[in-house]
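Notes for the one structure printed next.
Please read these numbers as outputs of a predicted model, since none were measured by experiment. Quick note: residue numbers are just sequence positions, from 1.
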Amino acid sequence: MKRNIRLLLITAFLLCVVTGCGKEKEEEVIEPVDTEQIAVDGAEVEDYSVLNYSSLEVLAYEGDSKAQIMLGRTLEYGTEDTKQDFNAAISWYQMASDSGDAEGTCALGYFYLTGTGVDKDLDKAEELFNQAIEAGITNAKVGLARVKLAKGNYLDTSDSAFNAEDTEDSENIEESEEQEETDTEETDEQLEEIITLLTEAVQSGDIDGEYYLGYMYAHGIGVAIDFNKAFDYFNRVVTSEKTDLEYQDAINYSNIELGIMYIRGNGVEADNDLALDYFTAASDNGSAKASYYIGQMYEKGIGVDKDYEKAMEYYLIAAEKEYAPALNEIGYLYYNGYGVDVDFASAVYYQKLAALQGYPIAQVNLGFLYENGYGVERNLETALSYYEMAANSGYEGANEAVVRVKAQINEEM
């Protein structure tokens, strides 16, 4: 929907009232009206992205759903001039959705899908995406596919880009076994439906769909692993000329996946320099995960000289976005004194920030710190609670810690 923007006209009469026509007075400098973002009466808005925040607000409050969507995007992702505000973004999307704009409905679906700014509700997200699909929103098919992926627990949520043999176990203060990977070869009816939804989205030119379809081929979810196809889909995304805010995640994720492929040599000749280039592109575009991966490369000396101070630099960049794995890793560096002085109190601080997000590795690490009294007063009950949090999330190795601490508690009673 295109809207007309009315140009504010300053009449000669109004100027007379303000300046005092016919009266002698000191010459005043009248600031020119900024009309760059204001269209002449009768003109249509072709591109809402050229409007400043205030102009968008004027239109949005007048009921322009496209302006409401643009404000939602701006607040959802944040810009140099606008602070990220999920609650405000949700309000604008809801306003657009209530007025019948299905783009707003689709955008709301993603908040319920991820639990950002609202309680996570996959059923609600599915309902919203289905409504948007019925209204002809292609991207809602990607959203619905993601709901089904989440419900089936098909996605690999680990934060390791590197082969185990190339790395040390640096995330755990207390060593524990890796979680077993889920079977990614399952090709049941649900997965076939997911592939169909993503394929339809890609055929309509949706780059979110291209990223997720690439991910399916890279990880063998619902299809046979095909790194060539995965590379093709990821490359389409990163070479796309689309730069709108809503495409930022797909571009960053695709850069990260390409970096992982070059780290592991999956479908391409292993090249750590290229991997670093792809991670850097995503990091420069605001990806906390990419910054974390660059930190991992410097911490472990993968393709670069091992440099703990440089690793810390990138972890701190990711930590500014409250990225749990980076917060945990900062705590690990402080615990061991890698690139910094040993500081148990700082280790506890950063582990807590990560643990509060439900990050199980940090919960195990905190349990270890409380169990042994590093940086905090020794407290077995608190240690047990953190170990149990990690165990309840299915983190392997936490159960052994639970048994061990319970035994210590019984002995000290």
Would you sort out whether Arg146 and Tyr212 count as a side chain to side chain donor-acceptor pair (under 3.5 Å), showing the intermediate values? CA-CA 9 Å; Arg146 288 182 59 185; Tyr212 277 100; 3.0 Å; yes
For the backbone of Met70 and the side chain of Thr74, can you confirm whether one donor and one acceptor N or O come within less than 3.5 Å of each other? yes
Could you tell me whether Asp119 atom CG has more than 12 heavy atoms of other residues or ligands within 6.0 Å of it? no
Of all residues at least two apart in sequence or in a different chain, which pass the side-chain contact (heavy atoms from CB on, under 4.5 Å) check with Leu316? Met312, Ile330, Tyr350
For the atom pair CG (Asn139) and CG (Asp208), what is the distance rounded to the nearest 0.5 Å? 5.0 Å
Interatomic distance, Thr114 atom OG1 to Lys120 atom NZ [nearest 0.5 angstrom]: 8.0 Å
In the structure I gave you, are the side-chain heavy atoms of His219 and Ile225 within less than 4.5 Å of one another anywhere? no
Checking side chain to side chain contact (heavy atoms under 4.5 Å, CB included) for the pair Asn365/Tyr332: CA distance, chi angles, key distance, verdict? CA-CA 9 Å; Asn365 287 339; Tyr332 174 82; 5.6 Å; no
Run the side-chain donor-acceptor check on residues 275-284: report pairs under 3.5 Å with partners two or more places apart or on a different chain.
unit_1, atom_1, unit_2, atom_2, d
Thr280, OG1, Leu276, O, 2.7
Ser283, OG, Ser291, OG, 2.7

Exactly one of Tyr61, Phe111, Tyr53 should register a ring pair (Phe, Tyr, Trp, His ring centres under 6.0 Å) with Trp92. Which one does? Tyr61
Nearest 0.5 Å, please: how far is CG in Asp64 from CD in Glu57? 13.0 Å
pair Met389-Asn392: side-chain heavy atoms closer than 4.5 Å: no
Please tell me if the side chains of Gln84 and Glu76 come closer than 4.5 Å, counting only heavy atoms from C-beta onward. no
Heavy-atom side-chain contact between Tyr370 and Leu380 under 4.5 Å: no
So do the side chains of Ile133 and Lys141 get within less than 4.5 Å of each other, counting heavy atoms only? yes
Counting C-beta onward and ignoring hydrogens, is there a side-chain heavy-atom pair between Asp101 and Gln68 closer than 4.5 Å? no
What closest approach, in Å, do Ala96 and Ile69 show between heavy atoms, and which atom pair accounts for it? CB-CD1, 3.6 Å
Pair Tyr335 + Phe344: ring centers closer than 6.0 Å: yes
Please report the closest heavy-atom contact between Glu210 and Tyr233, naming both atoms and the distance. O-CB, 3.3 Å
From Tyr262 OH over to Asn272 CG, what is the distance, rounded to the nearest 0.5 angstrom? 12.0 Å
Can you confirm if the NZ or CZ of Lys66 lies within 45° of the ring axis of Tyr48 and under 6.0 Å from the centre of its six-membered ring? no
Could you please spell out the steps behind the salt bridge (charged side-chain N to carboxylate O under 4.0 Å, His left out) verdict for Glu371 and Arg378? CA-CA 6 Å; Glu371 180 184 353; Arg378 184 170 183 267; over 6 Å; no
Tell me, yes or no, whether the heavy-atom count around Glu309 atom CD, taken from other residues, nucleotides or ligands under 6.0 Å, exceeds 12. no
For Tyr77, I'd like to know if atom OH has over 12 heavy atoms of other residues, nucleotides or ligands within 6.0 Å. yes
Of all heavy-atom pairs linking Lys83 and Leu75, the shortest is O-CD2, 3.9 Å
Is there a donor-acceptor pair closer than 3.5 Å between any side-chain N or O of Ser91 and the backbone N or O of Asn87? yes
Verify, without hydrogens or angle tests, whether Thr199 (side chain) and Ile195 (backbone) share a donor-acceptor contact under 3.5 angstrom. yes
I'd like to know if the side chain of Asn235 and the backbone of Phe231 have a donor-acceptor N/O pair within less than 3.5 Å. no
Do any N or O atoms from the side chain of Ser254 and from the backbone of Ala250 form a donor-acceptor pair under 3.5 angstrom? yes
For atom OH of Tyr253, decide whether the heavy atoms of other residues, nucleotides or ligands shown that lie under 6.0 angstrom number more than 12. no
From Asp232 atom CG to Tyr217 atom OH, the distance as rounded to the nearest 0.5 Å: 10.5 Å
Any donor-acceptor N or O pair under 3.5 Å, side chains Asn252, Ser287: no
Check against side chain to side chain contact (heavy atoms under 4.5 Å, CB included), Tyr315 and Tyr323: CA-CA 9 Å; Tyr315 290 147; Tyr323 189 61; over 6 Å; no
Here the pair of heavy atoms bringing Tyr386 nearest to Gln363 is CB-O, 3.3 Å
Let's go through Tyr334 and Val342 carefully: what are the C-alpha distance in whole Å and the side-chain angles of both, what is the deciding distance for side chain to side chain contact (heavy atoms under 4.5 Å, CB included) to 0.1 Å, and is it a yes or a no? CA-CA 5 Å; Tyr334 273 116; Val342 170; over 6 Å; no
Verify the distance criterion only: is there a donor paired with an acceptor across the side chains of Gln94 and Asp98 at less than 3.5 Å? yes
Do Glu269 and Arg264 meet the salt-bridge criterion of a basic N to acidic O distance under 4.0 Å? no
Scanning both residues in full, the closest heavy-atom pair of Thr138 with Asp206 reads CG2-CB, 4.2 Å
Rounded to the nearest 0.5 Å, what separation is found between the CD atom of Glu322 and the CG atom of Leu356? 10.5 Å
Sidechain-backbone polar pair: Ser393 side chain, Ala390 backbone, donor-acceptor under 3.5 Å: yes
Closest approach of Leu327 to Ala354 (non-hydrogen atoms, all atoms of both residues): CB-CB, 4.0 Å
NZ (Lys229) with more than 12 external heavy atoms under 6.0 Å: no
Side chain to side chain contact (heavy atoms under 4.5 Å, CB included), that's the test. Do Met216 and Leu198 meet it? Break it down for me. CA-CA 10 Å; Met216 303 291 274; Leu198 293 175; 3.8 Å; yes
Between Tyr292 and Tyr314, ring centroids under 6.0 Å: no
Does any non-hydrogen side-chain atom of Glu388 lie less than 4.5 Å from one of Lys406? yes
Is it the case that the side chain of Asp244 and the backbone of Glu246 share a donor-acceptor pair, with hydrogens and angles ignored and the cut-off at 3.5 Å? no
Say whether, by atom type as modelled, one donor and one acceptor occur between the side chain of Tyr215 and the main chain of Ile221 under 3.5 angstrom. no
Do Asp123 and Lys151 pass the salt bridge (charged side-chain N to carboxylate O under 4.0 Å, His left out) test, and can you show the C-alpha distance, the side-chain angles, and the key distance before you say yes or no? CA-CA 9 Å; Asp123 291 333; Lys151 285 186 172 182; 2.8 Å; yes
Could you check whether Lys310 pairs with Glu299 (Lys NZ or Arg NE/NH1/NH2 to Asp/Glu carboxylate O, under 4.0 Å)? no
Aromatic centroids of Phe129 and Tyr110 separated by under 6.0 Å: yes
Close side-chain approach of Ile260 and Glu257, heavy atoms under 4.5 Å: yes
Donor-acceptor under 3.5 Å (Ser240 side chain, Arg236 main chain): no
